Each structure stands twice: as C-alpha cells, then as structure tokens.
Amino acid sequence: MKTETSTMIINPFSLGIDLETGDMPNATNHLVRRASDMKGYYLNENALEDLIKKDSDPIHYEVFELPVPEEYGHLMYCISKLYPGKIGEEYFFTKGHYHTVEQTAEIYLCLKGEGYMVMKTSEGKFEAIRMERGQMVYVPPFWAHRSINTGVEPLVSFCIYPAEAGHNYGDIKEHGFPKRIVEIENSICFI
Ligand code: F6R
Ligand code: ZN
C-alpha cells in the first residue's frame, strides 16, 4: 500500500449532487452496466437473454463520479444508480465485489429507492442490510458487497471509500453471495 508521502496534493473543490435524484451534473466518469454485462450472474439465464432481446440490452445500473487520485489518503466517491426490475423472480442487483485492498471500508448513503446491501466475508459470514432513503450502510473492511433493488424506482446511493481500494470481481462472479433475493407470491424472500 502507498504511504502518506506519495499522496498527491490537489486543490479543494466542491460539486453539486441532487439529493432527490442522485444526479451529479459535473461527473466526468460514467460507468454503464447493461443487461448483457450481467451474463452469468442470475439464476435464470433465459430470462436475462429475453430482456436483452426484448428491450435492446437496457441499462442495468450506472455509476457517476468525478475522480480523485487513486492513492492512499484520498477518498473516492460516486453515485450508484441501480434500476428496478427482475430477472425471472430475482431482483436486479449490482455485480458486487471485494475491494482489491481488502482492508478498506465503504459508506453507502441511500438517497432514493429501496433494497438491500448483501455482504459476505471469505470466512463465510453473511449479512443483508435494508437500504432506503436516509439510511447509511457501513461496509467494513474485508466484506464483499452488492446492492439489490427490491423497489419500483431506481436505488440511488452516494458511496465513499478510500481511493486506493480498487475492485475485485472474480470471487463474486464465480461464487456469488450465500443468498439471493427473489419475489415469491408478492413477497421479498431470501433463498
Ligand atoms: C465502489 C462501490 C460502488 C459500486 C457500484 C457498482 O467501491 O462499491 O460504487 O462500484 O455500486 O457496483 P459494482 O462495482 O459491484 O458493479
Ligand atoms: Zn465497493
């Protein structure tokens, strides 16, 4: 890990974020994940393929950021916007990841929508914490995390994490999380 002595000095700045919608007009980085980027993540592969064909590969979620140096000492922040919907019975979710620097935490402040943050550790612990407007979720170091939208509007969160954290998707792509969230007879169920 880099030390304090290698931390770049930059000028202070501010930017506006619409707390109702999550819009960050000055964002310069815009990550878009479409339904086709989610192949291999959901239980019902056919339902995902149907969605890709039917709706011309719709946007699944987006991340907006105005980046800072990815170095120890800086804090990265972004807006994460996950659209509502289901693949088969399974609610839309983000890919989910461990931080590459595993001893880095993250704060999610939910601005809009409702859902869950599911989290796991490599030792087999699992947690699911409810997300709704005004609720903050603290993702401690060493916990992989994925947000899941169980509502009818976008699930929008403001995220802050150490800028050197990095993202490691490999384990989640292969093993997923211990539980999935599905709708059964109009109820939200963990399976
Ligand atoms: C950053 C973070 C979020 C996610 C975003 C998209 O560390 O946790 O900004 O990156 O919600 O999810 P992933 O990265 O799992 O595709
Ligand atoms: Zn993260």
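If you're wondering where the values come from, they're calculated on a predicted model, not measured in any experiment. Order of listing sets the numbers, starting from 1, for every ligand and every atom in it. Side-chain atoms are counted along with the backbone in the values below, which use heavy atoms only and exclude waters and symmetry mates.
- In this pair, Phe93 and Tyr41 present their aromatic rings perpendicular. The plane angle is above 60°, beyond the 30 to 60° band.
- Using a cutoff of 4.0 Å between basic side-chain nitrogens and carboxylate oxygens, Glu127 and Lys120 are not scored as salt-bridged.
- When distances to the Zn ion (ligand 2) are checked against a cut-off of 2.8 Å, His97 contributes an N, O or S atom below that limit.
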Is there any protein N/O under 3.5 Å from an N/O of ligand 1, and what does the full list of such pairs look like?
from, atom 1, to, atom 2, distance (Å)
ligand 1, 7 (O), His97, NE2, 3.3
ligand 1, 7 (O), His99, NE2, 3.1
ligand 1, 7 (O), Glu106, OE1, 2.7
ligand 1, 7 (O), Glu106, OE2, 3.3
ligand 1, 7 (O), His167, NE2, 2.8
ligand 1, 8 (O), His97, NE2, 3.1
ligand 1, 8 (O), Glu106, OE1, 3.0
ligand 1, 8 (O), Glu106, OE2, 2.9
ligand 1, 8 (O), Tyr108, OH, 2.6
ligand 1, 8 (O), His145, NE2, 3.2
ligand 1, 11 (O), Ser80, OG, 2.8
ligand 1, 14 (O), His97, ND1, 3.2
ligand 1, 14 (O), Tyr169, OH, 2.6
ligand 1, 15 (O), Gly96, N, 2.8
ligand 1, 15 (O), His97, ND1, 2.9
ligand 1, 16 (O), Tyr61, OH, 2.5

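- Residue His167: no N/O/S atom is found under 2.8 Å from the Zn ion (ligand 2).
- The OG atom of Ser80 lies 10.5 Å from the CZ atom of Arg33; values are rounded to the nearest 0.5 Å.
- Counting just the N/O/S atoms of His145, the one with the shortest distance to the Zn ion (ligand 2) is named NE2.
- Using a 4.0 Å cut-off between charged nitrogen and carboxylate oxygen, Glu153 and Lys112 count as a salt-bridge pair.
- For Glu106, the N, O or S atom with the smallest separation from the Zn ion (ligand 2) is OE1.
- A salt bridge links Lys86 and Glu183; the closest N-O separation between the charged side-chain nitrogens and carboxylate oxygens is under 4.0 Å.
- Salt-bridge formation is not detected for the pair Glu114/Arg133: no Lys NZ or Arg NE/NH1/NH2 atom is positioned less than 4.0 Å from an Asp or Glu carboxylate oxygen.
- Between His60 and Phe92, the ring centre distance stays below 6.0 Å.
- Between Phe190 and Tyr116, the ring planes are perpendicular. Angles over 60° get that label, and only those under 30° would be called parallel.
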